[in-house]
Amino acid sequence: MDDVKDTIYFITGNNYKFNEIERMFQKEKISYILRQNTIDTTEIQATSIKEVALFKLNSVKGKINNSYFIEDAGFFINIPLNGFPGVYSKFVLNAIGNKGILKLIDNFKNTKAHFETVIALYFQPMNKTFLFEGIVEGKVSETIRGTNGFGFDPIFISNEIPTNTFAELTTEEKNSVSHRGKAWKKLIEFLKENQ
Ligand code: IMP
């Protein structure tokens with residue numbers, strides 16, 4: 001590759017997500033410039049995060065003349081809600097908020113939850129799509145705690161850092177264990193191998 005850096009677009013309207021990924025990107029010696037792109041994508045209601053991510057990626061096909069990626073995540077409360085809200089995370093958060101979610105849980109001594117994410121990349125040099133997945137396991141906090149991050153961060157406690165909710169962590173701390181952090185590391189490895 002010549003010394004003119006290629007741009008890679010992260011298509012998202014969510015500035016928190018862009019900020020998380022930008023922080024991780026800056027630490028890497030990599031020959032791409034990361035930029036945010038807020039072009040509209042189409043989000044479908046499907047049964048898996050992977051399906052949603054692929055549809056979202058394909059909805060901007062032909063509109064961007066570079067490599068680009070999107071990311072789609074969900075919050076799954078396995079115990080006691082059998083995975084709810086999962087693929088309905090956005091809708092549920094908007095409808096009832098973290099306060100409403102906590103009201104659905106009767107026993108906080110035994111909860112199990114995880115975040116799942118899929119980064120879908122269109123890689124222009126190969127004219128191909130690649131998926132990178134990340135999961136973080138943990139539990140639900142009994143109360144809403146912390147002001148950092150976004151979404152369900154104030155009610156999620158990871159197994160790796162059991163003293164704090166995600167909203168009580170710095171961006172760096174969250175990235176070190178989070179679903180997006182893990183998927184991101186896989187994307188970075190891929191870009192390093194293919195630059
Ligand atoms: P999205 O469709 O990928 O933006 O995410 C679905 C829902 O999960 C949205 O309501 C987000 O706020 C929430 N969400 C996604 N990632 C995170 C995270 O890292 N922490 C907390 N909530 C998240």
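Heavy atoms only: backbone and side chains are in, while hydrogens, waters and symmetry mates are out. Each ligand, and each atom within it, is numbered from 1 in the order the structure gives.
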task: Verify whether the ring centers belonging to Phe69 and Phe123 lie closer than 6.0 Å.
output: no
message: According to ring pair (Phe, Tyr, Trp, His ring centres under 6.0 Å), who are the partners of Tyr9, at least two apart in sequence or on a separate chain?
response: none
message: Between Phe190 and Phe130 (judged by ring centroids, cut-off 6.0 Å), do the two rings come close enough to count as a pair?
response: yes
query: Can you list the other members of the hydrophobic cluster that holds Phe150, where links are side-chain heavy atoms under 4.5 angstrom apart?
result: Tyr16
query: Contact residues of ligand 1 with a heavy-atom cut-off of under 4.0 Å?
result: Lys17, Glu43, Asp72, Ala73, Ser89, Lys90, Leu93, Phe115, Phe150, Gly151, Phe152, Asp153, Lys174, His179, Arg180
- prompt: What pairs with Val87 under side-chain contact (heavy atoms from CB on, under 4.5 Å), at least two apart in sequence or on another chain?
  reply: Gln45, Ile49
Test log, rule side-chain contact (heavy atoms from CB on, under 4.5 Å), inputs Phe76 and Phe115: CA-CA 6 Å; Phe76 297 75; Phe115 277 109; over 6 Å; no
